[in-house]
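Notes to accompany the following structure.
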2 protein chains.
Amino acid sequence: MQGHEEFTAAAASLLGPRGFTQDPDLVDPWLTDWRGRYTGRALGLASPASTAEVAALVKLCSAQGVPLVPQGGNSGMSGGATPDASGHALVVSLRRMNAITRIDEQAREITCQAGVILQALHEAVAPLGLRFPLTLGGKGSATIGGLISTNAGGTQVLRHGSMRAQVLGIEAVLADGSVFDALVPLKKDNRGFDLKQLLIGSEGTLGVITGATLRLLPALADRAVLWAGLNDIRAARKLLVHTETLAGDALEGFEVMPRHSLNAVLDHNPRARNPLAGDHAWYALIELVADAAGAAALPDRAQTLLESAFAAGLVEDATIAMNETQAEEFWALRDEIAPAERALGPAMQHDISVPVARMADFVAETLPQVEARFPGCTAVAFGHLGDGNVHYHVLAPQGAVRGDWEAREGKEISAFIHDLVTAWQGSISAEHGIGQMKVGELARLADPVHLAILASVKRALDPRGLLNPGKLIPSS
Amino acid sequence: MQGHEEFTAAAASLLGPRGFTQDPDLVDPWLTDWRGRYTGRALGLASPASTAEVAALVKLCSAQGVPLVPQGGNSGMSGGATPDASGHALVVSLRRMNAITRIDEQAREITCQAGVILQALHEAVAPLGLRFPLTLGGKGSATIGGLISTNAGGTQVLRHGSMRAQVLGIEAVLADGSVFDALVPLKKDNRGFDLKQLLIGSEGTLGVITGATLRLLPALADRAVLWAGLNDIRAARKLLVHTETLAGDALEGFEVMPRHSLNAVLDHNPRARNPLAGDHAWYALIELVADAAGAAALPDRAQTLLESAFAAGLVEDATIAMNETQAEEFWALRDEIAPAERALGPAMQHDISVPVARMADFVAETLPQVEARFPGCTAVAFGHLGDGNVHYHVLAPQGAVRGDWEAREGKEISAFIHDLVTAWQGSISAEHGIGQMKVGELARLADPVHLAILASVKRALDPRGLLNPGKLIPSS
């Protein structure tokens, strides 16, 4: 980029050769999101090594009017960490800031820098008999800062909540380069509205998260994983309520998938096996967990659940994983849906939520509406029924050409689904955030009062709009 | 008040005779906070009956530049709902808006207007086998709107969190009279930073909360209440960790009090009895709970806890309440500390927190420092050790005259304690909020970055400063 020599020289001087580069070989991999949907350009890649360096860099950006795009593992789903095409922005990677700075076993807290990878966090606390109760498919690349910025979800939200519920403290660099330091967690603190809540889910638009203190839980001693075949999605809802009543806090996961998704996985992965002999319209994957105190009672608890579900006519068939290997196999069937569906051909994917109690009805009523509106397409929904959140995919008609079909049909399909979700009082982004992918749809569909608050808080904290421009906040 | 005839006529016309009054007999009781510490004046008392009326009223206030002071049960601890002395502000009571509009037993949610009194909420859900997991001394007057505005705490925060953790949805009227409607709860919703989080704990400075959706839990089937005598506060910390390890989620309350507080209660209430034969430096009150599934195991669990605490040398003596009556008696000893201490004479009271793990050390180290600095005073701390939150009282020397002593010594004493808390990385308001009482101390002690964000968010959402002026946000 031309015209930015003064800035790039200052950034290079500030951060040193490991902290700043314009070498296309090093920069380009971070200019495209991992799904290959968005590609931007950038002035360069900054990789600060400390909060002080981030603060100095943001001050420099502020002084020179250079926009910046914070980036963690670059594994987001909405293009939130990819710069625009102008080439005026700086990508600021937090990946070098990957130190775990404190683990307090007794208080069950961990403090770390923003660039720590989720899997590394899991591995750091496991030997201490502790666990971090959030995981997701991208755990090998997703960073703590990115997870907080997008208020990430995953398969344990049912019991433990999203990232918001895990965050005890935050450190962030604000638009003027000042450091917001709230790393020391206080269980009770009523000195005004909670500023760290603003940063959670703000997708880098209000500040650059540089560190966090997170809660930990005692490690699990055992789990029981059930697989059930159901005649329809409303039966899954009934089974969920039944399970919540019977299992209470032991219920940690409740995922659903239709026949279509299971078959896609079985076709895609020759080693995958159907846990049940027969064929069912829907499947539910249920995980019950226990700590050391409850482990002895867990098998009985799972068995009782299974038998009572049969007795109540909630399941057509069901089985309990006999051992940890089989439990992993059950979960693999769920985790492999996304790649298996991808292999079938082009699809439009939607991460949506409606009120938990209404999700089964939403799925049952709207899947046929989508297929009627877009003949030849197949609509499938799978995922976190217990959170009122499913991944709602519309698969192209057979023979559709990848890239071409999405470009031609995608926008209309997504708009149709987002309209349905909005009519059902739901959210067009349940757990993936808005990023650049959904910013137009947010502007189109969100309550104007909601949008006005987003915009005014953004203006208040980043008056020049230098933090991750074009993401999350519709330009007015 | 003169010069506001046009406004008061319009307000009277808008709200009708039940909704607007200037009659001093009706207005004056709401111009003094319940502890009698703050008295203000007001243009009148508005009591809107619906969100639409609140919105119209706020629009009117906005058009005419009239500040407004939202008020719930007027049972706050920091003067947050008392107008200033100017007489220019309107008190807006939410007490008429006391309808429970929806209970979803299966989803375990309740939606209600802001003026519903906490105890009424408890009583509405109990017959359904559900409970709302937050309670506090003022439950007979505190309203849901006030509890959200102050992010209220209480004795169940240890397990269930503050009000913030109970709020699934909010409806509020913003400074321009627009209605922010987020009453329908979505378990997952990542459409930007969570605006309802801003309103929680904002003490009426960002909007007038008009309704909320709250989470409910299954009713408890049984509880076990333990009373322990300890040789010092650090033993209480060890006992807390021991109890957390052994009882896990069954632990719902862990309160501590020193000998001084127990003796004050025993002196104050002739019917109160000491649960233990001997005398101890500190006491801990522990509550374990169980739902229907866990009730059978609860007595054994409590007994095991008691025996292991003896065996580990954590307690000098301890007992388990033999029945519900005795359990109530144990809790009454805790609940009566505040009035009992008040009866002893004047005192300066502080609602403070430090990181949970450090609270025992904080108490042990700072009580003597306070007594050394203010000779003749007695410093006592009691309350929510498990939340890192104690009520830290400094009792006047014998013979001090109420009113006179506080006026002469109070500010210096509070400043000394707030300085200590700040040095220990704690909060000068753990659960009572800032209100008008602590706004000066917040300005003096808070991180300037924190203050700058508070001020800029306030300016963004209430640019003319009409919402509860003089509370929470230090004027710059």
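The basis for the numbers below is simple: all heavy atoms, side chains too, and nothing from hydrogens, waters or symmetry mates. No experiment lies behind these values; they were computed from the predicted model shown. Within every chain, numbering begins at 1; the chains are lettered A, B, ... in the order of the sequence lines, protein sequences first and strands thereafter.
Counting heavy-atom pairs closer than 4.5 Å to chain B, the top-ranked of the candidates A:Gly388, A:Ala446, A:Gly426 is A:Gly426. In terms of non-hydrogen atom pairs under 4.5 Å with chain B, the most contact-rich of A:Gly201, A:Pro463, A:Gly433, A:Ser427 is A:Ser427. Taking chain B as the reference chain and counting heavy-atom pairs below 4.5 Å, the highest number among A:Arg164, A:Lys438, A:His384, A:Arg358 is found for A:Arg164. Residue with the most contacts toward chain B among A:Ala357, A:Ala182, A:Ala107, A:Gly192: A:Gly192 (heavy-atom pairs, distance under 4.5 Å). Interface summary for chain A: among B:Leu442, B:Asp104, B:Leu186, B:Asp181, the most heavy-atom pairs under 4.5 angstrom belong to B:Leu186. Heavy-atom pairs under 4.5 Å with chain B were tallied for A:Asp291, A:Val179, A:Val356; the largest tally goes to A:Val179.
Proximity to chain A is limited to the side chain of B:Ser162, based on heavy atoms less than 4.5 angstrom apart. At a 4.5 Å heavy-atom cutoff, the contact between A:Leu206 and chain B is made by side-chain atoms alone. Only the side chain of B:Ile473 comes within less than 4.5 Å of a heavy atom in chain A; its backbone stays farther off. For chain A, the nearby part of B:Val184 is the side chain; its heavy atoms alone come within less than 4.5 Å. Only the side chain of A:Asp249 comes within less than 4.5 Å of a heavy atom of chain B; its backbone N, CA, C and O stay farther away. B:Leu198 touches chain A through backbone and side chain together, each having a heavy atom under 4.5 Å away. The part of B:Pro185 that comes within reach of chain A is its backbone (N, CA, C, O), which places non-hydrogen atoms under 4.5 angstrom from that chain. With a threshold of 4.5 angstrom between heavy atoms, B:Ile352 does not approach chain A through any atom at all. With a threshold of 4.5 angstrom between heavy atoms, A:Asn389 approaches chain B through side-chain atoms but not through N, CA, C or O. With a threshold of 4.5 angstrom between heavy atoms, A:Glu203 approaches chain B through side-chain atoms but not through N, CA, C or O. For chain A, the nearby parts of B:Glu431 are the backbone and the side chain; heavy atoms of each come within less than 4.5 Å. Neither the backbone nor the side chain of B:Ser78 comes within contact range of chain A; no heavy atom of the residue lies under 4.5 Å from a heavy atom of that chain. Heavy atoms of B:Ile200 lying under 4.5 Å from chain A belong exclusively to its backbone.
Residues from residues 168-178 of chain A that place a non-hydrogen atom less than 4.5 Å from a non-hydrogen atom of chain B comprise A:Leu174, A:Ser178, given in numerical order.
Shown here for A:Asn190 and B:His432, the closest heavy-atom pair between the two residues is ND2-N, 4.3 Å.
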Check residues 449-457 of chain A and write down every donor-acceptor pair under 3.5 Å in which the side-chain atom is one partner and the other belongs to a residue at least two apart or another chain.
unit_1, atom_1, unit_2, atom_2, d
A:His450, NE2, B:Arg191, O, 3.4
A:Ser456, OG, A:Ala452, O, 3.1
A:Ser456, OG, A:Ile453, O, 3.3

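Taking CD of B:Gln106 as the start and OG1 of A:Thr245 as the end, the distance is 7.5 Å to the nearest 0.5 Å. A distance of 9.0 Å separates CG in A:Leu158 from NZ in B:Lys188, rounded to the nearest 0.5 Å. Atom CG of residue B:Asp447 and atom CZ of residue A:Phe180 lie 8.0 Å apart, to the nearest 0.5 angstrom.
You'll find the side chain of A:Asp189 stays beyond 4.5 Å of the side chain of B:Ser429, heavy atoms only. Contact check for A:Lys187 versus B:Ser353: no side-chain heavy atoms found under the 4.5 Å cut-off.
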